[in-house]
Structure formats: structure tokens, C-alpha cells
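See below for the structure under consideration.
Just so it is clear, the model here is predicted, and its values are computed rather than measured.
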Amino acid sequence: MSNLVLSSNNIPTPRTIVLNSLKDANAKIKHLEFPLVVKPLKLAHGKGVVTNIKNKRNLKKYARKIMDQYGHCLLYTSDAADELDGVDL
């Protein structure tokens, strides 16, 4: 929800991808650049968030842990951080 509010006001937001399975992850991460962030779909307040994932092996490791415990997970790209360089919010 907050991504919609931010992006509708021209504030860069990370691309968000829902991962339903590791097979799904393999298909969706082919063209992504690292580092990435992965978190459980249904948790809030920073619970279960893993940041600064720098390679596919670690992404699969943490995504598997989250999916085993919580089901689906979200994957965030770091591209919005590049767009924010020097921008006052």
C-alpha cells in the first residue's frame, strides 16, 4: 500500500516481486541486479527481513527459509536507491 502512495507521488520505490516457490524465484530473478531484500509477505515491522543479499545462492537460501516458515515472500530490488541519490524527500 505504501509503495502505491509513494510511487503515485513520483517518489522512487523498489520494484516488488512476489515469490510463491523456489521454482518461481528462478524464473523471476534472471534479470535482477543484486543486492536484493527478501521478506515474508505477511509480516510487518521489519520481522523476517533479510537485506543486502548479494547472490542467487543466498537469495535462494533465505527465500527458502521464509517460504518454509511463512509461505510466500516478497523480493525488493535496490534500483530505487539509485534514483534517490541526492534527492530531498
ask   = Can you hop from I66 to F34 via hydrophobic side chains spaced under 4.5 Å?
value = yes
Residues 52-68 vs side-chain hydrogen bond (donor to acceptor under 3.5 Å, both in side chains), sequence neighbours excluded, gives N26-K60
Distance col, row L36:CG vs R15:CZ, nearest 0.5 angstrom, shows 9.0 Å
Notebook entry, point to check: Would V49 and V18 show up in the same hydrophobic cluster when neighbours are defined by side-chain heavy atoms closer than 4.5 Å?
Noted result: yes
Closest heavy-atom pair, K47 versus P40, reported as atoms and distance to 0.1 Å, is O-CD, 3.7 Å
The reported gap from CG in L75 to CG in L59 (rounded to nearest 0.5 angstrom) is 5.5 Å
For this session: State yes or no: do Y70 and L19 share one hydrophobic cluster built from I, L, V, M, F, W and Y residues joined by side-chain heavy-atom distances below 4.5 Å, directly or via other members?
Result: yes
Report task. Identify whether I17 and I53 are in the same connected component of the hydrophobic contact network (ILVMFWY, side-chain heavy atoms under 4.5 Å). Result -> yes
